[in-house]
Peer 1: 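Please read through the structure below; I'll follow up with questions.
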Number of protein chains: 2
Amino acid sequence: MTTKGTAERIIEAALQLVSEKGYTAATTKSIAELAGVNEVTLFRHFGNKRGLLKAIIEQFSYYPLLQQEINQNVTWELEQDLLNFSLKHFHFLMSIKDFVMIGFKESIQFPEISEEIANIPLLIKKELIVYFQEMHQRGKIREVDFEAAALSLIALNFGHFMSRARLGTIVSDLPTEELLQTSVAIFSRGLVS
Amino acid sequence: MTTKGTAERIIEAALQLVSEKGYTAATTKSIAELAGVNEVTLFRHFGNKRGLLKAIIEQFSYYPLLQQEINQNVTWELEQDLLNFSLKHFHFLMSIKDFVMIGFKESIQFPEISEEIANIPLLIKKELIVYFQEMHQRGKIREVDFEAAALSLIALNFGHFMSRARLGTIVSDLPTEELLQTSVAIFSRGLVS
DNA sequence: TTAGCATGTAAGTAATTACTTGCATGAAAG
DNA sequence: CTTTCATGCAAGTAATTACTTACATGCTAA
């Protein structure tokens, strides 16, 4: 009980600090301080600093991926489906924002994270291609390179996510939902036959 | 002569290492080693480690921005213009890839870089909005939220850039030009009236 | 030739960092 | 009541880091 709470608090603090300042700059002292525990407790739980990050990675691998949820609520109405997907995609990325940032920052020190993160667009791409193919067979979208189309939608959402996650409302103060709606409206209109 | 070359080599090495490993993990020793100079030379040139990064930021502020080049070669043919812009945008981001990465990694330690980087999409957004408005008046694109449209195109290109810059061909081995072409084709088709 | 200037070399310093050890404490479980 | 177990606390260690100082060397320009 107390144990679990302690370890969790340490992981949480590490996740925050490492994603903010990077692995090296996030000292064990500062992590322990933010978690509200003694520094030795950190080592007693995770052995060493790398062990702490391993725990973070492991926790992430249990995180429910977006993938399964994509095919749910499919209406075979292009714009509606893509908006539904894009909203989910965006909020999913936001929910794992810290992981994504660590993945980008520590791709050299912890290539495992990079791989884990790179897997997300890969899985989503496959799902989207299948969806686009089916939509094409139903005569609802025109013939395009479905892989490129899938990658584009993913890039679109990822771009919006990065902009909001790192720059906030500096670039634009449009409400996220509104922005995504217009974004998807243009994109799906470009796909319809 | 030799002075300039030395300072430049140090800056180059720092740019590479800091963008790869982050500011804290890129030690002055490793930077000097990569630059092929003695560590003291680094301090003689830039005073301290922060001074070195200041020099990097300053060098970037002199970098020719994409902005002016956008309005050149405008044909008022939507797809052609947007493809031309997107290719320029993408390759511009690639050319300042290391700056962008530092900007994302060191947004806390060096907020100036973040601001500098955030300025890019802001300027481009303004240019794109003007272009879209003019295209609308010419009856070539339909009525949409031009700001959202501009942000979407920027997010699209940025997403492609991030994917290629960090994940290489893991997600897809489609040739960049081909990918951008399909990407822009869909997007512009979604805008035409 | 000489004077200056950029750089290399060697040595050192104070601070920080990851990590350890030994002991005290307090709460829960048997 | 006692044992166990997670944690706190104090102290310390070896390595690393940013940075300094003093002196030697070699190239360039006057």
Peer 1: May I ask you to verify if any side-chain N or O of A:Thr41 is less than 4.0 angstrom from the OP1 or OP2 atom of D:dG8?
Peer 2: yes
Peer 1: Side chains of A:Thr6 and A:His45 only: does a donor on one sit below 3.5 Å from an acceptor on the other?
Peer 2: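 No, because no side-chain N or O of A:Thr6 sits under 3.5 Å from a partner of the opposite role on A:His45.
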Peer 1: So does A:Lys140 pair up with A:Glu77, basic N to acidic O under 4.0 Å?
Peer 2: yes
Peer 1: Heavy atoms under 4.0 Å is the rule here; annotate nucleotides 15-27 of chain D 5' to 3' with B where the base is hit, S where only the sugar-phosphate is, and - elsewhere.
Peer 2: --SSBBB------
Peer 1: Return the value, rounded to whole Å, for the distance between atom CG of A:Asn38 and atom P of D:dA6.
Peer 2: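 Answer to the nearest Å: 16 Å.
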Peer 1: Are any of the side-chain nitrogens in B:Glu134 or B:Arg138 under 4.0 Å away from the carboxylate oxygens of its partner?
Peer 2: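 Yes, B:Glu134 and B:Arg138 are salt-bridged.
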Peer 1: For B:Thr6 and C:dA6, is the shortest distance between a side-chain N/O and OP1 or OP2 below 4.0 Å?
Peer 2: no
Peer 1: Evaluate whether atom NZ of B:Lys88 has more than 12 neighbouring non-hydrogen atoms of other residues, nucleotides or ligands under 6.0 angstrom away.
Peer 2: yes
Peer 1: Could you pull out all residues at least two apart from B:Lys125 that satisfy salt bridge (Lys or Arg N to Asp or Glu O under 4.0 Å)?
Peer 2: B:Glu147
Peer 1: Return the value, rounded to whole Å, for the distance between atom CD1 of B:Ile10 and atom C1' of C:dT7.
Peer 2: 10 Å
Peer 1: When you measure from the side chain of B:His45, which nucleotide among C:dT9, C:dT7, D:dG8 comes out closest?
Peer 2: C:dT7
Peer 1: Salt bridge between A:Glu33 and A:Lys29, side-chain N to carboxylate O under 4.0 Å?
Peer 2: no
